[in-house]
Participant: 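Can you read through this structure? Questions will come right after.
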Amino acid sequence: MSTQTESNAVFERIRDEVSGTPVVLFMKGTPVFPQCGFSAAVVQVLTHLGVPFKGIDVLTDPSLRQGIKAYSDWPTIPQLYVKGEFVGGCDIVREMYQTGELTEFLQANGIEMRPAE
Amino acid sequence: MPMDPAEIVSLIKQGIPDAEVQIEDLRGDGDHYGAYVVSAAFRGKTRVQQHRMVMEALQGRMGEELHALALQTAVPSDT
């Protein structure tokens, strides 16, 4: 497959993933076993807010790992998507969480949250 | 080979001339830095756009040579 069609296929898959699930986290490792501190930090924030999300491990697929960076024009992993929109990486998600913006943003997007008691 | 903090500052300033940059070595290992960047050029931009500006200034090193650079951006307070 030529690289052009290959990257289209990866973009297609990414588009399906981010439009198929309200909250999607492209990460290193899985929510249960994050393989990188930054990915683990975002998983922690989402879990603390009780946000159901789908974790996608980019370590299992090098073309996805590169493709996601081109798709969002963002060079690092993890990457959080809400309703198909790129929200940010670890720094931005953490900063939004600390300022309360993340909760507001999720509510504005109709994302159901069940915060941990 | 981790980057030298002075190089990080100079790259950011080349890309964002009016930027004020503070670098912190978060773990003292020369590989996990925090960068606090203040610039009027961020005004009216979302955080994602602001961070993108800094990463573009770093000319593709982010996520490669620069594995761990925690970014925080702000607009100068009008005091």
Participant: Which heavy atom in B/P76 sits nearest to a heavy atom in B/A40, and how many Å separate them?
Facilitator: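 Shortest heavy-atom contact: CD-N, 3.5 Å.
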Participant: What distance separates B/Q50 CD from B/M55 CE, expressed to the nearest 0.5 Å?
Facilitator: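 Separation between the atoms: 11.5 Å.
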Participant: Can you name the residues of residues 51-60 of chain A that have some heavy atom under 4.5 Å away from a heavy atom in chain B?
Facilitator: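 Expected list: none.
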Participant: Quick check on B/L58 against chain A: is it the side chain, the backbone, both or neither that has a heavy atom closer than 4.5 Å?
Facilitator: neither
Participant: How about A/Q35: does its CD atom have over 12 heavy atoms from other parts shown lying under 6.0 Å from it?
Facilitator: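 Enclosed: over 12 neighbouring heavy atoms sit under 6.0 Å from CD of A/Q35.
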Participant: Tell me whether A/F105 shares a hydrophobic cluster with A/V24, the cluster being built from Ile, Leu, Val, Met, Phe, Trp, Tyr side chains joined at under 4.5 Å.
Facilitator: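 Same cluster.
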Participant: For the side chain to side chain contact (heavy atoms under 4.5 Å, CB included) test, which of A/L49, A/V45, A/V43 pairs with A/T47?
Facilitator: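 Going through the options one by one, the only one that passes is A/V43.
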Participant: Is there a side-chain contact between B/Q59 and B/Q14, using heavy atoms and a 4.5 Å cut-off?
Facilitator: yes
Participant: Name, in order of residue number, those residues of residues 66-99 of chain A that have a heavy atom at a distance of less than 4.5 Å from a heavy atom in chain B; otherwise write 'none'.
Facilitator: A/K69, A/S72, A/D73, A/W74, A/P75, A/T76, A/F86, A/V87, A/G88, A/D91, A/I92, A/E95, A/M96, A/T99
Participant: State, yes or no, whether a side-chain contact exists between B/Q72 and B/Q22 at a heavy-atom distance under 4.5 Å.
Facilitator: no
Participant: Could you give me the CA-CA distance, side-chain angles and deciding distance for A/N8 and A/F11, then say whether side chain to side chain contact (heavy atoms under 4.5 Å, CB included) is met?
Facilitator: CA-CA 5 Å; A/N8 291 349; A/F11 276 31; 5.6 Å; no
Participant: For B/R27, look at atom CZ and say whether over 12 heavy atoms of other residues, nucleotides or ligands are found less than 6.0 Å away.
Facilitator: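 Open: at most 12 neighbouring heavy atoms sit under 6.0 Å from CZ of B/R27.
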Participant: Any chance you could lay out the side chain to side chain contact (heavy atoms under 4.5 Å, CB included) test for A/L64 and A/R13, step after step, and finish with the verdict?
Facilitator: CA-CA 9 Å; A/L64 178 62; A/R13 181 180 161 205; 3.6 Å; yes
